[in-house]
Amino acid sequence: MINIVSIDKKRYTSMAILPILKFPDPRLHTIAQPVTQFDEHLQRIVADMFETMYAARGVGLAATQVDIHQRIVVIDTSEERNAPTVLINPEIIAQSAEKKDWEEGCLSVPEVYEVVARPERVRVRAQDTSGTFFEMDCDELLAVCVQHEIDHLNGKVFVQYLSNLKLNRLKNKIKKQQRESVSS
C-alpha cells in the first residue's frame with residue numbers, strides 16, 4: 001500500500017476526537033463538496049479524522065461521518081496501524097468487472113455487519129493534503145474501504161445496499177435501541 005499522508009504530527013499534538021454521526025442521521029446523506037483549499041485547516045481536519053478513526057478502531061473514515069461535508073477520506077487497513085492514507089477529492093476511475101462479497105461494518109452503523117458485493121479491484125484518483133494528484137490501484141480490503149468511504153462522500157451508507165426487508169429490520173432495531181437508551 002502507498003503511504004500517502006504528509007501531516008506534521010509534531011504540529012498537531014493535541015488532535016481532537018470528533019463525534020461520529022450514527023445512521024439514520026440525515027446528515028449522512030449529504031453529498032460532500034470538493035476540497036479547494038489545501039491549507040493548515042485541511043491538515044487539522046485530516047489529523048483529527050485520523051485520531052477519530054484510530055480511537056474508534058476503524059479502518060476508514062469519510063469526512064461526512066464527522067459532519068464535515070468535504071471530499072476527504074482517511075484510511076489505514078494495515079495490521080500495525082502504521083500506513084495512513086489520505087484521499088482528497090477521490091474518484092474511482094476504473095474498476096474490475098469481477099465482484100467480490102465482503103462483510104462490511106461501519107463506524108456510523110455500530111455493531112452491524114452485512115455482506116456487500118463490490119468490484120474486486122479499483123483504481124482511484126485523488127489528491128494528497130498539498131493538492132498533488134496521484135492514482136493508486138486497490139484490491140482486497142483496501143478496495144472495499146475506498147469504495148465504502150467514497151459512498152459516504154456521495155451520501156450513501158453501506159446498509160443501503162441491503163434488501164428493503166433487511167434495511168427496515170435494521171432501522172427498527174436502531175429505533176428500539178434508541179428508545180431503550182433514553183428510558184435507562
Side-chain angles (χ1 to χ4, degrees), residues 1-7 9 12 15-23 25 27-29 32 35 42-93 95-96 98-129 134-162 170:
M1 177 188 315
I2 303 170
N3 184 4
I4 307 201
V5 65
S6 59
I7 295 174
K9 290 185 179 181
Y12 300 109
M15 294 181 279
I17 295 177
L18 306 169
I20 298 172
L21 299 177
K22 303 295 186 222
F23 181 79
D25 190 310
R27 293 173 290 179
L28 288 169
H29 303 296
V35 172
L42 175 63
Q43 293 278 334
R44 165 59 78 183
I45 291 170
V46 168
D48 289 348
M49 286 177 62
F50 271 116
E51 186 78 6
T52 302
M53 180 190 74
Y54 288 132
R57 299 178 182 230
V59 295
L61 184 68
T64 301
Q65 292 177 270
V66 291
D67 205 18
I68 297 170
H69 302 288
Q70 292 186 291
R71 298 189 74 76
I72 306 167
V73 168
V74 297
I75 294 173
D76 188 345
T77 59
S78 68
E79 297 260 337
E80 302 81 19
R81 313 300 281 156
N82 64 355
T85 302
V86 178
L87 304 172
I88 308 294
N89 300 323
E91 60 179 315
I92 294 171
I93 57 173
Q95 61 187 25
S96 64
E98 306 84 25
K99 293 199 177 222
K100 185 167 184 176
D101 289 343
W102 283 87
E103 185 176 69
E104 293 186 32
C106 181
L107 296 176
S108 292
V109 193
E111 300 177 29
V112 173
Y113 300 90
E114 292 288 344
V115 173
V116 177
R118 294 190 184 269
E120 214 170 347
R121 293 175 308 285
V122 296
R123 174 173 276 261
V124 65
R125 182 173 195 258
Q127 292 169 277
D128 65 18
T129 55
F134 66 92
E135 292 181 9
M136 64 187 226
D137 292 314
C138 309
D139 61 7
E140 301 294 324
L141 179 57
L142 181 58
V144 172
C145 193
V146 164
Q147 293 173 81
H148 179 109
E149 301 310 333
I150 290 175
D151 275 352
H152 276 299
L153 299 180
N154 294 328
K156 188 168 187 172
V157 180
F158 90 102
V159 294
Q160 292 176 265
Y161 286 101
L162 304 178
L170 174 61

With rounding to the nearest 0.5 Å, note down the distance linking NZ in Lys22 to SG in Cys106. 8.5 Å
Any side-chain donor paired with an acceptor under 3.5 Å for Asp67 and His69? yes
Checking the side chain of Glu91 only, and the main-chain atoms of Ala126 only, is there a donor and an acceptor separated by less than 3.5 Å? no
Considering all heavy atoms, the nearest Cys145-Val59 contact: SG-O, 3.6 Å
Is the count of non-hydrogen atoms from other residues, nucleotides or ligands lying under 6.0 Å from Glu98 atom CD greater than 12? yes
Could you check if a side-chain atom of Val122 sits within less than 4.5 angstrom of a side-chain atom of Ile93, using non-hydrogen atoms only? no
Is the closest side-chain heavy-atom distance between Val86 and Phe50 below 4.5 Å? yes
Compare all side-chain heavy atoms of Arg118 with those of His148 and state whether any distance is below 4.5 angstrom. yes
Just so I know, are the side chains of Val73 and Leu153 near enough to count as touching, which here means a heavy-atom distance under 4.5 Å? yes
Could you tell me the separation between the NE2 atom of His152 and the CZ atom of Arg71, rounded to the nearest 0.5 Å? 12.5 Å
Would you indicate whether the side-chain heavy atoms of Ile45 and Ile68 approach each other to under 4.5 Å? yes
Just verifying a value: how many Å separate Arg123 CZ and Glu135 CD, rounded to the nearest 0.5 Å? 5.0 Å
Ser108 and Gln65: side-chain donor and acceptor closer than 3.5 Å? yes
State, yes or no, whether a side-chain contact exists between Val159 and Phe23 at a heavy-atom distance under 4.5 Å. yes
CA sep, side-chain torsions, deciding dist, call: Gln70, Thr64, side-chain contact (heavy atoms from CB on, under 4.5 Å): CA-CA 7 Å; Gln70 292 186 291; Thr64 301; over 6 Å; no
Of all heavy-atom pairs linking Thr52 and Ala16, the shortest is OG1-O, 3.7 Å
Any chance you could lay out the side-chain contact (heavy atoms from CB on, under 4.5 Å) test for Met136 and Arg125, step after step, and finish with the verdict? CA-CA 7 Å; Met136 64 187 226; Arg125 182 173 195 258; over 6 Å; no
Between Leu87 and Phe134, does the side-chain contact (heavy atoms from CB on, under 4.5 Å) criterion hold? Intermediate values first, please. CA-CA 9 Å; Leu87 304 172; Phe134 66 92; 3.6 Å; yes
Side-chain donor or acceptor of Glu51 paired with backbone N/O of Ile17 under 3.5 Å: no
Before giving the answer on side-chain contact (heavy atoms from CB on, under 4.5 Å), spell out for Asp151 and Phe158 the whole-Å C-alpha distance, their side-chain angles and the decisive distance to 0.1 Å. CA-CA 8 Å; Asp151 275 352; Phe158 90 102; 5.9 Å; no
Search all heavy atoms of Ser78 against all heavy atoms of Ala83 and return the closest pair with its distance. OG-N, 3.5 Å
What's the separation between atom OG1 in Thr77 and atom CG in Leu141, rounded to the nearest 0.5 Å? 5.0 Å
Find out whether Glu114 and Val109 are in side-chain contact, i.e. whether some heavy atom of one side chain is under 4.5 Å from a heavy atom of the other. no
For a side chain to side chain donor-acceptor pair (under 3.5 Å) check, start with the C-alpha distance between Ser96 and Glu120, then their side-chain angles and the critical distance, and finish with the verdict. CA-CA 6 Å; Ser96 64; Glu120 214 170 347; 5.1 Å; no
Going from CZ on Arg121 to CG on Leu142, what distance comes out if it is rounded to the nearest 0.5 angstrom? 13.5 Å
So how far is it from Asn89 CG to Ile72 CD1, rounded to the nearest 0.5 Å? 8.5 Å
Closest heavy-atom contact between Tyr54 and Arg81? CD2-NH2, 3.3 Å
Evaluate the side-chain proximity of Met53 to Asp76: yes if any heavy-atom separation is below 4.5 Å, no if none is. yes
